[in-house]
Number of protein chains: 2
Amino acid sequence: MHRHEGHDACHTGVGDMLARAETICRERGLQFTPLRRDVMEAVAEAGKAQGAYDIAEKLSARGKRVAPVSVYRALDFLMEQGLVHRIASRNAFIPCPHGHAPGEGVVFLICRTCGVVDEASSEELEDGLDRTLKRAGFTPAHSILEVEGDCGACRERRQDS
Amino acid sequence: MHRHEGHDACHTGVGDMLARAETICRERGLQFTPLRRDVMEAVAEAGKAQGAYDIAEKLSARGKRVAPVSVYRALDFLMEQGLVHRIASRNAFIPCPHGHAPGEGVVFLICRTCGVVDEASSEELEDGLDRTLKRAGFTPAHSILEVEGDCGACRERRQDS
DNA sequence: GGCAGCGGTGATACACTGTAACATTCCCGC
DNA sequence: GCGGGAATGTTACAGTGTATCACCGCTGCC
């Protein structure tokens, strides 16, 4: 379980993500089926967060029809394995370039201009949250930290014009 | 705009919330209509987060039918005024006992056992988030911080049994 | 071989959440 | 009275997610 400080710079390629997913499943004795692979690929190759219905459409477009319910099941599986995250504020899904468990002090940075979702994490933030929860007498099980705003690239682009 | 450190202990009564809502609207030259009042009341008197359709049902039960769309409009208004918050992970709404603007370093603590949603905020958490965002070169516009887990009361209750 | 059990998938239907579009009402200022 | 704006009513619909049952392929077991 590795950690990052600040911006998430390790933009893994689609092929790498699939390979890693397969490895993880094999290690855990789980099946990385064709459907799960296709869904993982669809999420990974999209530049931004994808809705379940978008994924279903995308997979159906290349031949065999895939029902949304199948996509949801595959997504549930991939989320349990920490390979995909759900963005609650968008009802959409993104690939996870690392392998962290859910609720681990990771913040999602959602650019409202270009739609790209990035991850950031820091000890500092996590500690602050932990202490705040402890003071409130609350035992966390799962956290959702999402910030909507403008990413650096989009802000610069706006200033140019 | 007052601040809290730690657990939110100021559990305002329903009557107080309504009075405060009315005052705020009058101060801002906005209408606190009967519908808005009813929706505010429904949200305030429920012990836990309410879905928009729950509210519509509740209001319809006592006589005149209220369509969900009307509830949504009232909720939008109340959210703009900071009187109500939306819990993204539950698609539900809670009253806000304070008067903060959205995205102000407030964390929602959602008890997965009893369903009660509490608010907590701290400078520490907010600073940690700010610094993390700055390092990532991200300009925040709106934050969603929600933690699901067990509140103190439910944890104790479980240990008793 | 036959057979129960189980995980994964297909397929249909449905529930829940949210919004668009347009009609109506009410109130305020002129 | 009359135009105009804000709030609400009404209908329809889009988007998101789940329940249910059937089926298939595999494995272990008798």
Side-chain angles (χ1 to χ4, degrees), chain A residues 21-22 25-26 28-43 46 48-81 83-94 115 144 146, chain B residues 21-22 25-26 28-43 46 48-60 62-81 83-94 115 144 146 148:
Chain A
E22 189 169 2
C25 289
R26 193 169 31 236
R28 298 178 188 171
L30 302 170
Q31 302 181 42
F32 193 57
T33 64
L35 176 64
R36 290 171 180 174
R37 204 205 78 93
D38 289 349
V39 171
M40 183 76 225
E41 186 180 35
V43 174
K48 53 183 182 176
Q50 295 286 294
Y53 279 66
D54 296 335
I55 298 169
E57 218 170 301
K58 198 162 161 186
L59 296 186
S60 297
R62 58 193 211 206
K64 181 161 162 260
R65 168 188 135 92
V66 177
V69 61
S70 298
V71 174
Y72 277 110
R73 284 191 287 229
L75 286 171
D76 286 343
F77 171 85
L78 295 171
M79 280 194 290
E80 276 171 19
Q81 307 313 317
L83 296 166
V84 160
H85 290 306
R86 180 184 147 82
I87 306 298
S89 59
R90 293 283 179 110
N91 296 323
F93 303 83
I94 59 167
I144 297 174
E146 299 177 8
Chain B
E22 189 170 0
C25 288
R26 193 169 33 236
R28 298 178 187 172
L30 302 170
Q31 303 180 43
F32 193 58
T33 64
L35 176 63
R36 289 171 181 174
R37 204 205 77 95
D38 289 349
V39 171
M40 183 76 226
E41 185 181 34
V43 174
K48 52 185 184 174
Q50 296 285 294
Y53 279 66
D54 295 336
I55 298 169
E57 219 170 301
K58 198 162 161 186
L59 297 185
S60 297
R62 59 192 210 205
K64 180 162 162 260
R65 167 188 136 91
V66 177
V69 60
S70 298
V71 174
Y72 276 110
R73 282 191 290 230
L75 287 171
D76 286 344
F77 171 84
L78 294 171
M79 280 193 292
E80 277 170 19
Q81 307 313 316
L83 296 166
V84 160
H85 290 305
R86 181 184 146 81
I87 306 299
S89 60
R90 292 282 178 110
N91 296 324
F93 303 83
I94 58 168
I144 297 174
E146 300 176 10
E148 191 169 322

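Every chain is numbered from 1 and lettered A, B, ... according to where its sequence line falls, protein lines coming before strand lines. Remember, predicted model here, so these are calculated numbers, not experimental data. Computed from heavy atoms alone, side chains included, the values below leave out hydrogens, waters and symmetry copies.
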Whole angstroms only, please: what is the CG-P distance between B/L30 and D/dT8? 12 Å
side-chain contact (heavy atoms from CB on, under 4.5 Å) against A/D54, all qualifying residues, sequence neighbours excluded: A/Q50
Work out which heavy atom in A/F93 is nearest to a heavy atom in A/V84; give both atom names and the distance. CB-CG1, 4.0 Å
Can you tell me how far P of C/dG8 sits from CZ of A/F32, to the nearest Å? 13 Å
Rounded distance in Å - CD (A/Q50) to C1' (D/dT16): 15 Å
In whole angstroms, the gap separating P of D/dC24 from NZ of A/K64 amounts to 13 Å
Return the value, rounded to whole Å, for the distance between atom CZ of B/R36 and atom P of D/dA6. 11 Å
Would you check if there is a donor-acceptor pair between the side chains of B/R36 and B/Q31 at a distance under 3.5 Å? no
Once each nucleotide of nucleotides 11-30 of chain C is scored for protein heavy atoms under 4.0 Å, what B/S/- sequence comes out, 5' to 3'? BB----BBBBB---------
Please report the distance, rounded to the nearest Å, between CG in B/D38 and P in D/dA7. 16 Å
Are the side chain of B/Q81 and the backbone N or O of B/A21 linked by a donor-acceptor pair below 3.5 Å? no
Counting N and O atoms only, with roles assigned by atom type, does the side chain of B/E146 sit under 3.5 Å from a partner on the main chain of B/A88, one being a donor and the other an acceptor? yes
Would you list the atom pairs, donor with acceptor, under 3.5 Å between side chains in residues 64-77 of chain B and any protein atom, with sequence neighbours excluded?
none

Taken to the nearest whole Å, CD/A/E80 to P/C/dG7 is 13 Å
